[in-house]
Every structure is written in structure tokens, then in C-alpha cells.
Amino acid sequence: MAGNITFTMIKPDAVANGHMGNILNDFIQGGFKVRAMKYTWLTEAQAGAFYAVHKERPFYGELVGFMSSGPIVAAVLEKDNAVEDFRKLIGATNPAEAAEGTIRRKYAKSIDANAVHGSDSDANAEIEASFFFSALERF
Ligand code: CMP
């Protein structure tokens, strides 16, 4: 059965470009409830650890540099079928391929600066949520 939480980050490009409020509104209008949220700035070591699964990929260095280049919003969101429905709401990883009306289509400029992160599985949603939030910070 599909899980009911996903993990997201509003990335440094979207925060710097003033899209934080509109993106949070899109999450809520999309039927997601906020179960945890924080505004923070990752160190390179923290970004590297979060994205360790991509360590061997050619874009890893740039990804880590970008994700530690400015503040982000991290959140745990709840909805039935959260992972799949959230990936539909945000659109394809590459904004050039994202469907009309999706968050990445509206607010992202490139595959690196793609405005938001969304978990790719229920298992990763839990791992990623636990990376940022203790049990006391999730409601
Ligand atoms: P995200 O969902 O945060 O997960 C990994 C990130 O790596 C991805 O979004 C993109 O921003 C970034 N990335 C850069 N190049 C690529 C690529 N070729 N394929 C997948 N992800 C990429």
C-alpha cells in the first residue's frame, strides 16, 4: 500500500527568487498537509550526506555545491499516495520536460536549479524526513 508522507525541499534558487510562499501555497492547494517544516542552510557536508545516493553520478559535485549555496525550506508533507501525487504536482526533474502547471514548470530554470526536491519512494521519504526532523518535530 502506498504511504502517506513525502519529504520535500524548496531549493536555494526558488527561495532566492522569492517563490517560497507561492510554492508552499501550491503544496497546500494540492491537498498536502504540513507535518514538519524548517528554514535552514545546509553545509556542504550535510548536502553531500543527504544526496550520498548520487555520489557516483557526474552531477554530484554541482548538486552538493548548489544545495549548500543558500537557505532552503525542508518539509514533511502528508496526503494519501503522497510520493506519487507529489511527483505529479512538481513535474519532471528537468523543468524543460515538466508538464504545464507543475511547480518546476512554473518556478524552475534548469535541471540543477529545479526549485523543489521530492522523495522518489516511500522508503526514501522516511529516510529523508528522519535526516531533517526528530520525532519531536513531526506533528
Ligand atoms: P532532486 O529531486 O533533488 O534529486 C537529485 C537532483 O540532482 C535532482 O533533483 C536534480 O536537481 C539534480 N540533477 C542534476 N543533473 C541531473 C541528472 N542528469 N539527472 C537527475 N538529476 C540531476
Side-chain angles (χ1 to χ4, degrees):
M1 205 189 90
N4 66 350
I5 66 135
T6 191
F7 171 80
T8 187
M9 289 183 283
I10 302 176
K11 297 189 178 186
D13 58 309
V15 172
N17 293 329
H19 299 312
M20 177 169 46
N22 284 330
I23 291 175
L24 285 172
N25 191 51
D26 284 357
F27 294 168
I28 292 162
Q29 294 306 314
F32 290 85
K33 288 195 162 62
V34 176
R35 290 301 179 208
M37 186 159 69
K38 67 174 67 162
Y39 184 55
T40 187
W41 189 327
L42 296 173
T43 63
E44 272 195 37
Q46 288 167 332
F50 181 85
Y51 281 114
V53 60
H54 294 304
K55 215 176 176 100
E56 306 308 324
R57 310 284 290 273
F59 57 82
Y60 179 71
E62 264 184 64
L63 175 62
V64 169
F66 173 67
M67 288 304 295
S68 55
S69 68
I72 60 146
V73 177
V76 179
L77 303 176
E78 182 187 309
K79 182 183 186 294
D80 286 347
N81 201 35
V83 166
E84 193 183 328
D85 285 1
F86 191 71
R87 289 172 74 82
K88 278 190 199 136
L89 181 71
I90 65 179
T93 304
N94 186 347
E97 292 162 13
E100 200 64 53
T102 60
I103 290 175
R104 283 173 172 152
R105 180 65 173 256
K106 288 193 284 185
Y107 303 116
K109 299 268 186 303
S110 70
I111 194 165
D112 298 303
N114 67 353
V116 284
H117 167 81
S119 305
D120 64 3
S121 67
D122 292 340
N124 282 338
E126 196 48 56
I127 291 167
E128 292 172 358
S130 305
F131 184 93
F132 276 87
F133 300 101
S134 74
L136 290 174
E137 296 172 307
R138 292 170 62 169
F139 313 109

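Whatever order the structure lists ligands and atoms in, that order sets their numbers, starting from 1.
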Distance from [X] atom [atom1] to [Y] atom [atom2], nearest 0.5 Å?
X    : Y    : atom1 : atom2 : result
E84  : S119 : CD    : OG    : 13.5 Å
D120 : T6   : CG    : OG1   : 9.0 Å
S69  : E62  : OG    : CD    : 11.5 Å

Q | Sequence neighbours excluded - side chain to side chain donor-acceptor pair (under 3.5 Å) pairs with any residue from residues 72-81 | A |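 Side chain to side chain donor-acceptor pair (under 3.5 Å) check on residues 72-81 returns R35-E78, K79-D85, N81-D85.
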Measure and list all N/O to N/O distances between ligand 1 and the protein that fall under 3.5 angstrom.
| from | atom 1 | to | atom 2 | distance (Å) |
| --- | --- | --- | --- | --- |
| ligand 1 | 2 (O) | H117 | ND1 | 3.2 |
| ligand 1 | 3 (O) | K11 | NZ | 2.7 |
| ligand 1 | 3 (O) | Y51 | OH | 2.6 |
| ligand 1 | 3 (O) | H117 | ND1 | 2.9 |
| ligand 1 | 9 (O) | K11 | NZ | 3.2 |
| ligand 1 | 9 (O) | N114 | ND2 | 3.4 |
| ligand 1 | 11 (O) | K11 | NZ | 3.2 |
| ligand 1 | 11 (O) | I111 | O | 2.6 |
| ligand 1 | 11 (O) | N114 | OD1 | 3.4 |
| ligand 1 | 11 (O) | N114 | ND2 | 3.3 |

Q) Which hydrophobic side chains are connected to L89, either touching it within the sub-4.5 Å cutoff or through other members that do? A)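 Under the 4.5 Å side-chain rule, L89 groups with I10, V15, M20, I23, L24, F27, F32, V34, M37, Y39, V73, L77, F86, I90, I103, Y107, V116.
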Distance-only check: which donor-acceptor pairs under 3.5 Å involve side-chain atoms of residues 44-54, not counting sequence neighbours?
| from | atom 1 | to | atom 2 | distance (Å) |
| --- | --- | --- | --- | --- |
| Q46 | OE1 | T43 | N | 2.9 |
| Q46 | OE1 | T43 | OG1 | 3.3 |

